[in-house]
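A short worksheet on the structure shown next.
One-based numbering along the sequence shown.
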Amino acid sequence: MGRRAFIGGALAASVAYAVVKPPMSLWPSYSELTADYRTGAGELRQVTLADNTSLDLNTKTSVAVRSQTADTTLVELVSGEAAFSTGAASSSLTVLAASGRIVATRSNFNVRCDGSQVSITCLNGNLTIERAGIATRLDATQQASYGDEVISAVTAVDPGQVTAWRHGALIFDGMPVAQVIAEVNRYRPGRIVLMNESIGRRLLTAQLPTTETDKIIVQIVHIFGAKARTLPGGIIVLS
C-alpha cells in the first residue's frame, strides 16, 4: 500500500471513529444527531407521541421513534435519560436501550443510558426488563440496571431523587467527587477534567440547580483545595 493511500485510509478511519465515538464526548455521535428528538447540554424537553405517550428528555438525550401502531409504540433511547409515561391504556410501550428493552403498559418510568450501562426506575405501575432472554419485573419505587452483564438485583429507591432533574435540581448525597464531576459534565458544554485521583475519592454532599453547574467547581476548590484552570471550549482542569 502506498504511503498516501495509507495516510488517507488512517485519516478516514479516525474521522469515522470520531463520528461514532467523539473524544471526551465533546460533541454528539452520528446516531445521536440523527435521532428524532434530541436535547443539548442543560436542555430539558417534553414530547408527546401520537398515542399520547409522554417523554420528558433530560440533558444531552437522543430518542428515536422506531414504529407506532394502534397497539404498540417502539422507541429507542439512543443516549441520555428520559422519563416515560405510557399513553392509551390498551397500548404497550417498548423502549430499546443498549442491549435490552423495557416493556410497559399503564406505567411511568425513568431510563438512563450511558453507553452500554442502563438504569431503569419504575415510578408507578409496573414494567418488564428484557435482556439476553431473561425478564425482570419492576414495581413502583424499584430500580434495576444492566450493562455487559446480566440484569442486576432489584433495589428500592427514592423516585424523587431519581427524577430531581425534572425539577431542575442535582442532588449529591455523600458521592465521590469523581462521580459528581461525571454527572455535572452531562449538564454543561465543554468538560470538567479531574486530574487529582485523591480528590476524586473524597465524598461530597451538595445540591444545586442544573442551570448553575459551575458552582460545583467553586465548592471542590474551596472544600478540597483543588486548583482550577480554565481552557478554551468550556474545559476546566481540576488538579
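Under a 3.5 Å cut-off, the side chain of Ser107 and the backbone N or O of Asn124 do form a donor-acceptor pair. Using modelled atom types, no side-chain atom of Ser116 and backbone atom of Asp148 make a donor-acceptor pair closer than 3.5 Å. Judged purely by atom type and a 3.5 angstrom limit, Arg166 has no side-chain atom pairing as donor or acceptor with the backbone of Leu44. Here the side chain of Arg131 pairs a donor or acceptor atom with the backbone of Glu149 at under 3.5 angstrom. The backbone N or O of Ser92 sits less than 3.5 Å from a side-chain atom of Thr72, completing a donor-acceptor pair. Not one N or O on the side chain of Asn126 forms a donor-acceptor pair closer than 3.5 Å with the backbone of Leu138. Judged by distance alone, with hydrogens and angles left aside, the side-chain atoms of Asn185 form no donor-acceptor pair with the main-chain N or O of Arg191 at under 3.5 Å. Judged by distance alone, with hydrogens and angles left aside, the side-chain atoms of Ser152 form a donor-acceptor pair with the main-chain N or O of Ser145 at under 3.5 Å.
Pairing each heavy atom of Gln117 with each of Gly147, the nearest pair is NE2-CA, 3.6 Å. Between Gly174 and Thr205, the closest heavy-atom pair is N-OG1, 3.0 Å. When all heavy atoms are compared, the tightest approach of Thr86 to Thr105 is OG1-C, 4.0 Å. Between Pro176 and Leu203 the shortest heavy-atom distance is N-CD2, 3.7 Å. Closest approach of Asp139 and Cys122 over heavy atoms only: O-CB, 3.2 Å. Across Leu194 and Ala178, no two heavy atoms sit closer than the pair CD2-CA, 4.2 Å.
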Q. Can you check side chain to side chain contact (heavy atoms under 4.5 Å, CB included) on Tyr146 and Ser99, steps first, answer last?
A. CA-CA 8 Å; Tyr146 60 81; Ser99 58; 3.9 Å; yes
Q.
Before you tell me yes or no, could you show the steps for Asp71 and Thr69 under side-chain hydrogen bond (donor to acceptor under 3.5 Å, both in side chains), namely the whole-Å CA-CA distance, both residues' side-chain angles and the distance that decides it to 0.1 Å?
A. CA-CA 5 Å; Asp71 300 321; Thr69 67; 5.1 Å; no
Q.
Between Met195 and Lys227, does the side chain to side chain contact (heavy atoms under 4.5 Å, CB included) criterion hold? Intermediate values first, please.
A. CA-CA 10 Å; Met195 305 299 292; Lys227 296 180 180 180; over 6 Å; no
Q | Residue pair Leu238, Val193: steps toward the side chain to side chain contact (heavy atoms under 4.5 Å, CB included) verdict | A | CA-CA 6 Å; Leu238 292 176; Val193 181; over 6 Å; no
Q: Might you work through the side chain to side chain contact (heavy atoms under 4.5 Å, CB included) test for Trp165 and Thr59, ending with a clear yes or no?
A: CA-CA 9 Å; Trp165 61 266; Thr59 178; over 6 Å; no
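In this structure, CD1 in Ile181 is found 10.0 Å from CZ in Arg188, a value given to the nearest 0.5 Å. Taken to the nearest 0.5 Å, the CG atom of Asp114 stands 8.0 Å off from the CD atom of Glu183. Going from atom CG of Leu49 over to atom OH of Tyr37 covers 5.5 Å, rounded to the nearest 0.5 Å. Separating the OG atom in Ser119 from the CD atom in Gln143 is a distance of 3.5 Å, to the nearest 0.5 Å. Taken from CD in Glu130 to CD1 in Ile102, the straight-line distance is 9.5 Å, to the nearest 0.5 Å. To the nearest 0.5 Å, atoms CG (Leu93) and CZ (Arg101) are separated by 11.5 Å.
Remark: the Asn196 side chain and the Ser239 side chain contain no N/O donor-acceptor pair separated by less than 3.5 Å. For Thr163 and Asn110, the side-chain atoms include no donor-acceptor pair closer than 3.5 Å.
Side-chain contact check for Thr136 versus Val154: some heavy-atom pair is nearer than 4.5 Å. Side-chain contact check for Ser79 versus Ser62: some heavy-atom pair is nearer than 4.5 Å. At a threshold of 4.5 Å between non-hydrogen side-chain atoms, the residues Val95 and Phe84 count as touching. The shortest distance between side-chain heavy atoms of Val63 and Val78 does not fall below 4.5 Å.
Under the 4.5 Å side-chain heavy-atom criterion for Ile, Leu, Val, Met, Phe, Trp and Tyr, Leu57 and Leu123 are members of distinct hydrophobic clusters. Residues Val177 and Val221 fall within the same hydrophobic cluster, defined by Ile, Leu, Val, Met, Phe, Trp and Tyr side chains chained together at heavy-atom separations under 4.5 Å. By the rule that hydrophobic residues join a cluster once side-chain heavy atoms approach within less than 4.5 Å of another member, Val47 and Leu77 end up as members of one cluster. Linking ILVMFWY side-chain heavy atoms closer than 4.5 Å, directly or via other members, places Ile199 and Val184 in a single hydrophobic cluster. The hydrophobic cluster containing Leu96 does not contain Val75, counting ILVMFWY residues as joined when their side-chain heavy atoms lie under 4.5 angstrom apart, directly or transitively.
Between Lys60 and Glu43, none of the side-chain N atoms (NZ, or NE/NH1/NH2) sits under 4.0 Å from a carboxylate O, so this pair counts as no salt bridge. In summary, Arg45 and Glu81 do not engage in a salt bridge, as defined by a charged side-chain N under 4.0 Å from a carboxylate O.
When the shell of 6.0 Å around CZ of Arg229 is examined, it contains 12 or fewer heavy atoms from other residues, nucleotides or ligands.
With respect to Tyr187, the side chain to side chain donor-acceptor pair (under 3.5 Å) criterion is satisfied by exactly one of Thr211, Thr210, Asn58: Asn58.
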